[in-house]
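As a basis for the values below, the full set of heavy atoms in this structure was taken, side chains included, without hydrogen atoms, waters or symmetry mates. Since the structure is predicted, the reported quantities are computational estimates derived from the model, not experimental observations. Chain A is the first sequence line, chain B the second, and so forth, proteins listed ahead of strands; every chain is numbered from 1.
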There are 2 protein chains.
Amino acid sequence: MASKILIVEDDTNAGLLLQSFLTSEGYQAKLALNVKTGLQSFLGDVFSMCILDCSLPDGDGFGLAKEIRLRNEHVPIIFLTARSLLDDKIRGFQSGADDYITKPFETFELLYKIKAILRRSQVQVSGVTDSCFKIGSYLFDPKNQTLSSGEVVRRITAKENEILKLLCLKKNQITRKDEILIALWGESDYFKGRSLDVFIAKLRKYFANDSTIEIENVHSVGFILSDGGIS
Amino acid sequence: MASKILIVEDDTNAGLLLQSFLTSEGYQAKLALNVKTGLQSFLGDVFSMCILDCSLPDGDGFGLAKEIRLRNEHVPIIFLTARSLLDDKIRGFQSGADDYITKPFETFELLYKIKAILRRSQVQVSGVTDSCFKIGSYLFDPKNQTLSSGEVVRRITAKENEILKLLCLKKNQITRKDEILIALWGESDYFKGRSLDVFIAKLRKYFANDSTIEIENVHSVGFILSDGGIS
DNA sequence: GAAGAACGTTAACGAAACGTTAAAATGTTG
DNA sequence: CAACATTTTAACGTTTCGTTAACGTTCTTC
């Protein structure tokens with residue numbers, strides 16, 4: 001699975017160029033144009049690395065780095081500095097950055113830096129990344145039993161967690177009812193079935209804000225979790 | 001315990017200057033003047049990081065880096081390049097370097113790079129080494145069984161220590177209850193579980209002064225130690 | 001379109017889990 | 001063994017979660 005990299009850069013030209021370069025190198029690059037959407041993007045997915053411009057229209061990269069650090073202690077952060085001012089570099093490192101690169105930069109230089117940093121942080125990320133599901137605007141972390149949307153993190157119960165995990169493993173496909181019942185209760189009778197219905201209702205409520213997410217029922221067969229978007 | 005840094009640099013002036021600077025910053029710096037003594041030094045001790053000059057009298061830093069990599073997959077390597085040639089940088093990264101810095105350099109810039117790289121490589125081995133954990137405003141030293149806040153040092157008991165260590169290793173993540181029970185008692189029954197609850201209550205009391213620290217319960221699953229950061 | 005089965009949702013109940021304090025048991029040290 | 005520290009058990013109040021019941025809606029079949 002390709003590493004996801006978040007780019008926050010207000011210069012659209014430079015941003016798109018960087019994005020297409022990283023994509024061509026086998027990464028999955030997401031571009032945001034300001035602090036606000038940058039943070040939103042960060043909260044809405046799991047990234048292996050962030051590349052932040054120092055100066056942004058609605059603030060600066062340093063503040064954004066701190067916000068990101070608050071939420072994730074380990075994700076590597078690289079700064080893009082227009083000037084090679086020592087002061088900028090130091091501010092970057094103090095905000096929790098791992099490295100910086102001065103514009104204009106040689107793309108291969110950036111690529112090698114990215115590789116070096118990812119190599120070092122891979123062990124860290126791999127444990128968390130593979131276990132997260134993106135469901136519409138929500139992020140589901142079955143390991144921690146959390147369902148987060150932007151700033152809001154909701155901790156769900158063990159049973160809800162197990163059911164949602166099964167639904168996610170077959171996203172956009174039918175998850176058979178008896179399959180869930182056997183997996184969670186070890187047996188499949190009328191009452192367990194009703195219990196499952198209650199849990200489905202609860203999950204639907206959690207996703208009520210996002211109209212693209214649906215848990216459809218397939219009569220007397222099972223349920224389908226679907227979100228309109230591309231995962 | 002100071003981090004040991006190996007410097008391999010043939011320009012004695014620059015080498016000594018760098019050595020004394022790093023020493024003044026609290027590191028333990030060893031200086032070697034060529035590839036041969038550099039490798040000897042590396043093999044004769046354990047270093048947290050290597051800083052290599054590109055051009056050396058009896059070879060170059062790239063070859064040395066490869067030799068070092070052969071023996072240690074993980075030790076961070078920083079190159080000093082006289083020129084800012086892209087080619088040199090790429091050769092450096094290909095030899096397994098983590099970063100480079102062009103001479104003449106601002107010492108503080110190097111210092112921050114060193115800090116950033118050490119921070120990242122320390123996290124990796126944190127599961128192995130019994131280093132200290134930072135928990136909010138507290139410092140937890142599992143080796144000495146101490147929990148200190150400012151001037152105040154409290155010695156905690158063996159069981160408290162073990163439990164807190166497990167929680168710290170998974171900070172902001174769920175530590176499963178049965179995992180703790182098996183690790184400490186070798187079995188997981190009702191009474192051991194109640195005992196664990198008592199210890200959790202004690203730990204909570206120790207952290208009562210710092211409202212950012214929480215030991216949350218995840219019903220029938222386990223506990224989460226968190227200090228302000230959002231998981 | 002009528003009847004029965006399956007589903008959607010809400011609320012209430014009770015069992016199990018948890019939080020905390022104190023006392024009893026166990027271990028340690030001089 | 002005596003004084004002390006540590007751990008376990010007991011006890012009691014509080015919280016949480018899963019199940020069930022109840023009632024309404026939708027779907028399927030004849």
I need a per-nucleotide contact map over nucleotides 19-30 of chain C, read 5' to 3'. Cutoff is protein heavy atoms under 4.0 Å; write B for the base, S for backbone only, - otherwise. BBB---------

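Between R71(A) and E151(A) there is a salt bridge, since a side-chain N of the basic residue sits under 4.0 Å from a carboxylate O of the acidic one. Ion pair K165(A)/E162(A) flagged as a salt bridge, since at least one NZ, NE, NH1 or NH2 atom sits closer than 4.0 Å to an Asp/Glu carboxylate oxygen. Ion pairing of R204(B) with D197(B) is absent here, as no side-chain N (NZ or NE/NH1/NH2) approaches a carboxylate O to less than 4.0 Å. Between K113(A) and D99(A) there is a salt bridge, with a side-chain nitrogen of the basic residue lying less than 4.0 Å from a carboxylate oxygen of the acidic one. The pair R91(A)-D60(A) counts as a salt bridge, with a side-chain nitrogen and a carboxylate oxygen less than 4.0 angstrom apart. A salt bridge between K115(B) and E25(B) is absent, with no side-chain N of the basic residue lying under 4.0 Å from a carboxylate O of the acidic one.
Residues satisfying the ring pair (Phe, Tyr, Trp, His ring centres under 6.0 Å) test with Y206(B), not counting sequence neighbours, are none.
You can see that DNA chain D meets the heavy atoms of chain B within a 4.0 Å-exclusive cut from dT6(D) to dC17(D), reading 5' to 3'.
Map H219(A) and S195(A) each onto its nearest nucleotide of DNA chain D; the residue landing nearer the 5' end is S195(A). When each of F191(A) and I156(A) is assigned the nucleotide of DNA chain D with its nearest heavy atom, I156(A) is the one assigned upstream, toward the 5' end.
Backbone-only engagement by S220(A) is indicated by non-hydrogen atom pairs under 4.0 Å involving sugar-phosphate atoms exclusively. When heavy atoms are screened at a 4.0 angstrom cut-off, K177(B) is found touching the sugar-phosphate backbone but no base atom.
With ring centers used as reference points, F62(A) lies under 6.0 Å from F79(A).
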